[in-house]
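We name chains A, B, ... by the order of the sequence lines, and we start the count at 1 in each one.
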Amino acid sequence: MRIATWNVNALTGERIERVLAWLDMARPHVLCLQETKVSDDAFPALDFHAHGYDSVHHGQGRWNGVAILSRVGLDDPVAGFADGGPPDPEARLVTATCGGVRVSSVYVPNGRAVGHEQYHHKLRWLARLRAHVLADVRPEGTGWLPDPDGPGGGLRAVCGDFNVAPEDIDLWDPAAFEGATHVTPEERAALAEVMATGLRDAFREQHPGAPKLFSWWDYRAGAFHKHQGMRIDLVLLSPRLADQARCALIDRNARKGRKPSDHAPVFVDVDLSAVSHGGDARG
DNA sequence: ATGGTCGCGCAGCGA
């Protein structure tokens, strides 16, 4: 199963054509999208269906908006947090079961500036994401068990734009980020708490220690051509999936040419035939 | 030279 994520920075006009062309080329089984910036009415579900993909979109109009596309089935969609708390007024999270894997597409708040109200909101939002991962257990055994080594632990993928660079090797120049968001110990700790549920950074595990593997580049100042970027788009996988990851790629080509998003798609290939069946997944 | 560019939507803010 090829599991992909892409912050498309608006799913309108020519960007739709770029996403459709990428689907035809890469043929991911699942693609998580962020920053669609369209209402549910304007989401091009029919275009995706014509290319073989079911979809669920959680949009709010001009800002945010997340979606999941799947060509291996798409069941039990949930918009937003499933932690029992109040609904998030922003459309930053959607979850569905695709081919036996419980998948979430996430768009973590940017944070704006260290110490800003939005920065604290970002930290709280990541804490809620952890709670969501633990709480969103589906009846078909595709959810999650708190003990990742327990029998039948659910298959889980949490993919998206985390707006956090996990390590300094995920930055083009760590010195350029002093005092900035995306790299603070607090943000990294909040991401680590999400991952402490058992989720693993499957892309990094395929490229241990490798620098300059970025998923986002500023539109300004020719940052892309100068290889000045960050890796903030992550594919987090539960242990039984991560153990069977075979290949992971960031498609820089999708950042080139006419009207690109400022993010490139990231994908991880998992050999589902090798995934262990750890016993009873809940009956 | 201390900026730069996008997106949305039509001013200026957010990323």
Side-chain angles (χ1 to χ4, degrees), chain A residues 5-22 31-44 47 57-67 88-94 105-126 129 159-166 170-184 186-188 190-191 214-234 250-266:
Chain A
T5 185
W6 194 2
N7 180 325
V8 292
N9 189 15
L11 192 56
T12 57
E14 295 182 40
R15 196 66 47 76
I16 296 173
E17 301 308 315
R18 287 193 70 123
V19 173
L20 292 172
W22 193 80
L31 173 60
C32 297
L33 299 176
Q34 300 85 37
E35 279 203 271
T36 61
K37 296 183 179 176
V38 294
S39 64
D40 290 335
D41 286 348
F43 182 78
D47 288 332
H57 179 242
H58 176 38
Q60 71 176 76
R62 298 180 182 87
W63 295 287
N64 308 311
V66 286
D88 188 346
E90 298 182 318
R92 296 181 174 276
L93 172 65
V94 66
S105 178
V106 311
Y107 176 46
V108 176
N110 173 285
R112 207 162 300 179
V114 176
H116 193 280
E117 163 57 23
Q118 283 294 313
Y119 176 78
H120 299 293
H121 172 65
K122 178 181 192 175
L123 297 175
R124 289 194 300 271
W125 200 95
L126 281 163
L129 178 61
C159 312
D161 178 359
F162 284 77
N163 271 315
V164 179
D170 299 311
L171 309 171
W172 66 274
D173 178 11
F177 288 86
E178 284 188 33
T181 58
H182 295 58
V183 302
T184 66
E186 286 175 303
E187 289 166 282
R188 286 174 170 169
L191 172 62
F214 305 135
S215 64
W216 173 87
W217 301 260
D218 201 310
Y219 283 123
R220 295 170 289 187
F224 178 67
H225 301 284
K226 293 189 278 191
H227 305 290
Q228 298 179 345
M230 283 195 274
R231 189 177 71 94
I232 55 176
D233 299 274
L234 308 178
I250 298 172
D251 186 5
R252 301 181 75 253
N253 287 324
R255 180 62 175 78
K256 300 176 182 175
R258 182 180 169 79
K259 290 278 184 183
S261 168
D262 47 355
H263 296 249
V266 182

Report summary line: The first and last nucleotides of DNA chain B lying within contact of chain A, meaning any atom under 4.0 Å from one of its heavy atoms, run from dG4(B) to dA15(B)
Query - Where at least one partner belongs to residues 222-233 of chain A, residue pairs that pass salt bridge (Lys or Arg N to Asp or Glu O under 4.0 Å), sequence neighbours excluded - result: D170(A)-R231(A), D201(A)-R231(A)
Query - ring pair (Phe, Tyr, Trp, His ring centres under 6.0 Å) partners of W63(A), counting only residues at least two apart - result: none
**Report entry** Close approaches to DNA chain B from residues 107-118 of chain A, in residue order (heavy atom, under 4.0 Å)
**Finding:** N110(A), R112(A)
Query raised in the report: Does A223(A) offer a backbone N or O that forms a donor-acceptor pair with the side chain of Q228(A) under 3.5 Å?
Result: no
Report task. Quick one: which residue pairs count as a salt bridge (Lys or Arg N to Asp or Glu O under 4.0 Å) with a foot in residues 106-126 of chain A, not counting sequence neighbours? Result -> E117(A)-R124(A), K122(A)-E187(A)
Requested in this report: Give, ordered by number, those residues of residues 218-230 of chain A having at least one heavy-atom distance below 4.0 Å to an atom of DNA chain B; if nothing qualifies, reply none.
Outcome: Y219(A), R220(A), A221(A)
Query raised in the report: Among all residues two or more places apart in sequence or in another chain, which pass the salt bridge (Lys or Arg N to Asp or Glu O under 4.0 Å) test with E14(A)?
Result: R258(A)
Query - Distance between C1' atoms of dG14(B) and dC10(B) (Å, rounded) - result: 16 Å
Report summary line: The answer to which of T36(A) and D161(A) contacts DNA chain B further toward the 5' end, by nearest nucleotide, is T36(A)
Requested in this report: For residues 31-40 of chain A, pull every pair meeting salt bridge (Lys or Arg N to Asp or Glu O under 4.0 Å), keeping only residues two or more places apart or in separate chains.
Outcome: E35(A)-K37(A)
Requested in this report: Tell me, please, which residues at least two apart from D218(A) pass salt bridge (Lys or Arg N to Asp or Glu O under 4.0 Å).
Outcome: R220(A)
Query raised in the report: With sequence neighbours excluded, what pairs up with F224(A) under the ring pair (Phe, Tyr, Trp, His ring centres under 6.0 Å) test?
Result: W217(A)
Requested in this report: Between dG9(B) and dG4(B), how far apart are the C1' atoms? Round to whole Å, please.
Outcome: 22 Å
Requested in this report: For D262(A) and for K37(A), find the nucleotide of DNA chain B with the closest heavy atom, then tell me which residue's nucleotide is more 5'.
Outcome: K37(A)
Query raised in the report: With sequence neighbours left out, what residues match H57(A) under ring pair (Phe, Tyr, Trp, His ring centres under 6.0 Å)?
Result: F43(A)
Requested in this report: Quick one: list whatever passes salt bridge (Lys or Arg N to Asp or Glu O under 4.0 Å) with R62(A), sequence neighbours left out.
Outcome: none
Query raised in the report: Given the P atoms of dC8(B) and dT2(B), what is the spacing between them in whole Å?
Result: 30 Å
**Report entry** S215(A) side chain to I232(A) backbone, donor-acceptor under 3.5 Å
**Finding:** yes
Query raised in the report: Which part of the nucleic acid, if any, lies within contact of T12(A), taking any heavy atom under 4.0 Å across all strands shown: a base, the sugar-phosphate backbone alone, or nothing?
Result: sugar-phosphate
Query raised in the report: Looking only at atom P, what distance separates dA1(B) and dC6(B), rounded to whole Å?
Result: 25 Å
